[in-house]
Amino acid sequence: MSKNLVIVESPAKAKTIEGFLGKDFIVKSSFGHVMDLSKTHLGVDIENGFEPQYEISPDKKKLVAELKKTAKEAEMVWLASDEDREGEAISWHLFKALNLKEEKTKRIVFHEITKQAISRAIDQPRGIDTHLVSAQQARRVLDRLVGYELSPLLWKKVKPALSAGRVQSVAVRLIVEREDEIKNFNVTSAFRVTAQFVIQINGTEHLVNAELPERFETAQMAHLFLESCFGAIYTVHAVEKKPGKKSPAPPFTTSTLQQEASRKLGFSVANTMRVAQQLYESGKITYMRTDSFNLSDLALKMAQNEISERFGAEYVKIRKYTTKTKGAQEAHEAIRPTYLNKAEVSGNADEKRLYDLIWKRTVASQMADAELERTVVTINISTNINQFIAQGEVILFEGFLKVYLESTDEDNNDATEGLLPPMKKGQQLKLNEILATERFTRHPARYTEASLVKKLEELGIGRPSTFAPTISTIQKREYVVKEDRPGEKRSFKVLQLVHDKIKEKTVNENTGQEKAKLFPTDIGTLVNKFLLTHFESIIDYNFTANVEKEFDEIADGNKEWNVMIKAFYKPFHEKIVSTTENAGKFSGEKLLGVDPVSGKNVFVKVGRFGPMVQIGDTESEEKPRFSGLRKNQSMDEISLEEALKLFDFPRTVGIFEDKEVSVAIGRFGPYVKHNSQFVSLQKTDDPNTIEIERAIELIEAKRNKESQSTIKEFDQEPELKVLNGRYGPYISFKKKNFKIPKDIAAENLTLEQCMSIVKDPDNTPKKSFFKRKTK
DNA sequence: CAGTGAGCGAGCTTCCGCTTGACTT
């Protein structure tokens with residue numbers, strides 16, 4: 001047995017390090033945290049100094065038992081989790097869970113996975129930093145208290161199964177408030193004036209595009225300006241040249257990788273992380289959850305070699321980037337290729353594309369600045385005092401631009417400024433045309449997944465390991481939807497001046513179309529309003545930054561962790577109690593109008609199952625009628641007429657086989673119901689007009705399909721069927737599904753065999769995957 | 001996987017941060 005056991009957080013890291021350390025060392029992974037607060041309880045003993053009630057995480061029991069055994073046999077255990085708050089806590093939890101002895105345990109840290117860094121770490125062991133552990137404990141307990149006291153309040157006051165938390169609720173707030181800004185945005189237009197000139201150089205024509213710095217508010221003013229240019233002569237007033245430079249972006253962190261993969265490759269943040277994980281596990285890149293810009297000396301040396309070999313020594317500029325991110329913990333390197341001399345890797349298309357991006361970004365970060373020359377030409381108009389300005393940019397030395405340029409979130413409408421033909425002061429230019437084009441102000445952009453991550457990181461909210469899960473949580477809770485929206489037609493005016501004549505025309509454009517943007521739902525908006533009303537301090541954009549300061553004080557040993565928690569908890573919990581007692585249901589109820597048929601009030605509100613319309617007052621004797629909103633409707637925008645239309649369903653369309661056939665609209669769209677069987681309508685069917693003949697057709701089509709997917713049925717047990725599904729044959733019994741052992745052919749199954757499979761408790765379908773809320 | 005929505009009440013839902021496999025209808 002090995003003398004030394006080293007425990008790190010990630011198995012891929014364990015494998016690499018084992019290679020460095022030799023046969024006296026065995027390296028294992030903890031797979032992250034091994035202990036946590038119990039999921040089913042609050043897990044914090046409020047009365048007893050907020051003592052956390054830890055347990056070994058259920059999915060880590062087996063692993064901990066194995067580690068315990070290995071640790072017992074080792075002479076020394078080296079706890080090598082990451083050097084940050086969470087990593088320190090992992091070491092401490094391992095110490096407790098594995099029942100380690102102080103004299104047999106050492107704590108080591110390293111930021112880079114290199115042989116040198118690890119040898120150095122082994123030479124400089126230390127003890128577990130209890131202050132840092134306390135800081136983590138404060139973080140953990142605070143998040144638990146906020147999450148597990150706020151969420152149940154939402155269940156009571158708004159809707160069951162909702163959630164709130166320090167991170168997710170701020171993410172939702174950002175999206176809701178951005179939507180408000182957009183709603184309140186006042187679009188104005190102005191006329192932008194551009195001119196196109198032609199000059200002859202050695203017999204060939206060159207075009208010069210120039211713009212007027214002023215804009216005109218109305219078409220009339222633009223027209224007046226164009227008139228004032230009648231008969232004008234255009235002369236170059238000045239040619240000004242200025243040197244400029246561009247510098248490369250720093251190497252990737254998790255958030256910048258997510259942003260660039262979104263902008264350049266169109267990846268969702270979850271996809272970026274999935275692909276990066278594959279690259280990491282196959283040893284192609286360094287760790288992908290990091291907030292550090294740092295590159296190891298080894299990597300810098302590789303970059304230097306690579307750049308000078310590929311492009312020449314003048315392209316090399318080794319740089320050290322420092323982080324500006326709030327609360328960055330920098331336990332890892334930046335995300336970079338493991339071997340910079342590999343510009344390409346094997347793998348699927350996504351892996352290749354993401355790797356290419358990482359390679360370019362890393363290499364470019366160590367390259368020279370690009371050197372530019374910016375040219376500004378001002379052009380006089382003989383008939384008025386205005387001046388046109390033409391701008392050009394010439395790259396004198398490409399530098400890092402040879403490899404990579406970071407994208408921006410703003411779509412660049414202005415064409416990139418290219419080379420201007422040579423011009424001289426006093427030179428006359430021939431005018432092609434002048435255009436005055438109506439342009440509109442644009443509302444702030446809706447968030448994409450990646451731009452939301454960027455914003456959260458700026459606010460210091462969330463960590464590299466939680467950005468992607470947070471984005472998915474707020475969508476799973478249906479606070480936010482990621483959607484495409486088509487946009488609308490808009491017309492604008494263009495005035496054109498050619499040969500001293502002005503032509504005016506109206507042009508159409510499509511505006512406001514959105515792709516994969518985040519929109520708040522009615523529920524997201526309502527929950528945000530609730531939290532803003534009663535718990536503004538928690539969803540304050542500075543809340544995390546402020547508590548982080550206190551965590552730092554705890555880590556420095558200048559504050560007791562439970563003193564901090566107590567100070568936070570007292571007013572927070574009082575607010576929970578008072579809101580529980582005093583606040584009524586928070587349903588966002590809004591009176592839409594009066595139902596002309598019954599004369600009753602019509603409301604929209606959020607009910608137990610989401611947004612709905614209610615006809616009749618809640619307090620009235622007669623039970624109100626209810627109907628859920630359709631997927632594309634919102635409480636904010638629905639009209640009385642649309643609301644009333646929802647009550648046209650369920651609609652009886654006729655009788656088939658002595659049973660009623662009806663049409664209704666459910667969670668998954670319109671369907672036909674017959675004899676307690678459901679059949680979805682096709683996209684081409686209109687639920688408002690569909691008739692009995694077509695309904696029967698759909699019912700029979702479904703029966704036909706079902707009989708084809710049925711492999712076996714048993715007369716003795718009508719509830720048991722062997723069916724053919726997406727993942728191959730399976731057994732269905734009383735609405736539960738069971739796997740068939742691989743060594744048995746489905747068509748040969750007997751009733752007895754089926755029953756024994758169904759009755760075997762080992763085969764009980766796993767519950768966690770049947771969560772109904774996930775779509 | 002489809003119907004619901006008051007009242008009654010049991011039992012369920014939930015946080016953030018660290019890590020990967022498991023393997024669903």
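No experiment lies behind these values; they were computed from the predicted model shown. Below, read A as the first sequence line, B as the second, and so on, with proteins coming before strands; counting in each chain starts at 1.
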Contacts of Arg139(A) that satisfy side chain to side chain donor-acceptor pair (under 3.5 Å) - sequence neighbours left out | Glu86(A), Asp143(A)
Would you mind reading off the distance between Lys39(A) atom NZ and dC15(B) atom P, rounded to a whole angstrom?
-> 8 Å
Go through the structure and list residues passing side chain to side chain donor-acceptor pair (under 3.5 Å) with Glu83(A), not counting sequence neighbours.
-> His111(A)
May I have the distance from Gln677(A) (atom CD) to dG3(B) (atom P), rounded to whole angstrom?
-> 15 Å
Pick base, sugar-phosphate or nothing for Tyr287(A), based on heavy-atom distances below 4.0 Å to the nucleic acid.
-> sugar-phosphate
Phe678(A) CZ to dG3(B) P: how many Å, rounded?
-> 7 Å
Short side-chain N/O contact to dG17(B) OP1/OP2 from Thr466(A), under 4.0 Å | yes
Hey, is Tyr148(A) stacking on dC15(B)? Ring centres under 5.5 Å, planes under 30°.
-> no
Heavy atoms under 4.0 Å, any strand shown: does Tyr280(A) hit a base, just sugar-phosphate, or nothing?
-> sugar-phosphate
Verify the contact: side-chain N or O of Ser680(A) to OP1 or OP2 of dA2(B), cut-off strictly under 4.0 Å; return yes or no.
-> no
For the pair Arg166(A) (side chain) and Thr544(A) (backbone), establish whether a donor and an acceptor sit closer than 3.5 Å, ignoring hydrogens and angles.
-> no
What is the nucleic acid contact for Lys60(A), judged by heavy atoms within less than 4.0 Å: base, sugar-phosphate only, or nothing?
-> nothing
Enumerate the residues from residues 163-173 of chain A whose closest heavy atom to DNA chain B is under 4.0 Å, giving them by residue number; use none for an empty result.
-> Ser163(A), Ala164(A), Gly165(A), Arg166(A), Val167(A), Gln168(A)
Measure the distance from CZ on Arg625(A) to C1' on dG3(B) and round it to the nearest whole Å.
-> 15 Å
How do Gly87(A) and Leu42(A) order along DNA chain B: which one's closest nucleotide is nearer the 5' end?
-> Leu42(A)
Is the count of non-hydrogen atoms from other residues, nucleotides or ligands lying under 6.0 Å from Lys600(A) atom NZ greater than 12?
-> yes
Phosphate oxygens OP1/OP2 of dT14(B): is one of them under 4.0 Å from a side-chain N or O of Arg477(A)?
-> yes
Side chain to side chain contact (heavy atoms under 4.5 Å, CB included) partners for Gln633(A), two or more places apart = Leu629(A), Arg630(A), Ile638(A), Glu642(A), Leu646(A)
Taking atom P of dC18(B) as reference, at what distance in whole Å does atom CG of Asp59(A) sit?
-> 16 Å
For Asp291(A), the salt bridge (charged side-chain N to carboxylate O under 4.0 Å, His left out) test, sequence neighbours excluded, returns Arg463(A)
What stem regions, each of at least 3 consecutive Watson-Crick or G-U pairs below 3.5 Å, can be found for DNA chain B?
-> none
What interatomic distance, in whole Å, is found between C1' of dC1(B) and the corresponding atom of dG21(B)?
-> 28 Å
Give every residue pair that meets the side chain to side chain donor-acceptor pair (under 3.5 Å) criterion with at least one member in residues 280-290 of chain A, sequence neighbours excluded.
-> Ser10(A)-Tyr280(A), Gln277(A)-Glu281(A), Ser282(A)-Lys284(A), Tyr287(A)-Arg289(A)
Under 4.0 Å between a side-chain N or O of Arg144(A) and OP1 or OP2 of dT14(B)?
-> no
Value in whole Å for how far the P atom of dT13(B) lies from CD of Glu478(A) = 18 Å
Check: Ser57(A) side chain, Val34(A) main-chain N or O, donor-acceptor pair, under 3.5 Å | yes
Check the angle between the aromatic planes of Phe543(A) and Phe568(A) and answer parallel, tilted or perpendicular using the 30° and 60° thresholds.
-> tilted
Hey, does Pro624(A) reach any base, or is it just sugar-phosphate, or nothing, if we go heavy atoms under 4.0 Å?
-> nothing
Neighbours of DNA chain B within residues 149-156 of chain A, by heavy-atom distance under 4.0 Å | Ser151(A), Pro152(A), Trp155(A)
Regarding the side chain of His332(A), the nearest nucleotide among dT20(B), dT19(B), dT13(B) is dT19(B)
Return yes if the base of dC15(B) and the side-chain atoms of Arg140(A) contain a donor-acceptor N/O pair under 3.5 Å, otherwise no.
-> yes
Hey, does Arg85(A) reach any base, or is it just sugar-phosphate, or nothing, if we go heavy atoms under 4.0 Å?
-> nothing
Can any side-chain N or O of Arg144(A) pair as donor or acceptor with the backbone N or O of Leu42(A) at less than 3.5 Å?
-> yes
Using only side-chain N and O atoms of Tyr671(A), determine if any of them is under 4.0 Å from OP1 or OP2 of dG3(B).
-> no
May I ask you to say what Thr473(A) touches in the nucleic acid, namely base, sugar-phosphate or nothing, with a heavy-atom cut-off under 4.0 Å?
-> sugar-phosphate
Reckon Asp82(A) touches a base, only the sugar-phosphate, or nothing at all at heavy-atom distances under 4.0 Å?
-> sugar-phosphate
Sub-3.5 Å donor-acceptor pair from the side chain of Arg107(A) to the main-chain atoms of Leu79(A), do we have one?
-> yes
Run through Ile565(A), Leu37(A), Asn562(A), Val44(A) and flag the one making a side chain to side chain contact (heavy atoms under 4.5 Å, CB included) with Pro52(A).
-> Leu37(A)
Got a sec, which residues hit ring pair (Phe, Tyr, Trp, His ring centres under 6.0 Å) with Phe586(A), two or more places apart in sequence or on another chain?
-> Phe530(A)
Which is true for Gln277(A) with a 4.0 Å heavy-atom rule: it touches a base, it touches only sugar-phosphate, or it touches nothing?
-> sugar-phosphate
Figure out the CZ/C1' separation between Phe467(A) and dC18(B), and round it to whole Å.
-> 14 Å
Between Glu55(A) (side chain) and Ser38(A) (backbone), is there a donor-acceptor pair under 3.5 Å?
-> no
Between Pro464(A) and Val146(A), the residue closer to the 5' end of DNA chain B by nearest nucleotide is Val146(A)
Calculate the interatomic distance between His573(A) atom NE2 and dC15(B) atom P; express it in whole Å.
-> 20 Å
Quick one: list whatever passes ring pair (Phe, Tyr, Trp, His ring centres under 6.0 Å) with Phe649(A), sequence neighbours left out.
-> none
Check: protein-nucleotides 5-7 of chain B nitrogen or oxygen pairs below 3.5 Å:
unit_1	atom_1	unit_2	atom_2	d
dG5(B)	O6	Gly628(A)	N	3.2
dG5(B)	N2	Phe609(A)	N	3.2
dG5(B)	N2	Gly610(A)	O	3.2

Set of residues satisfying salt bridge (charged side-chain N to carboxylate O under 4.0 Å, His left out) with respect to Glu333(A), sequence neighbours excluded = Arg336(A)
When you measure from the side chain of Asp143(A), which nucleotide among dG17(B), dC16(B), dT20(B) comes out closest?
-> dC16(B)
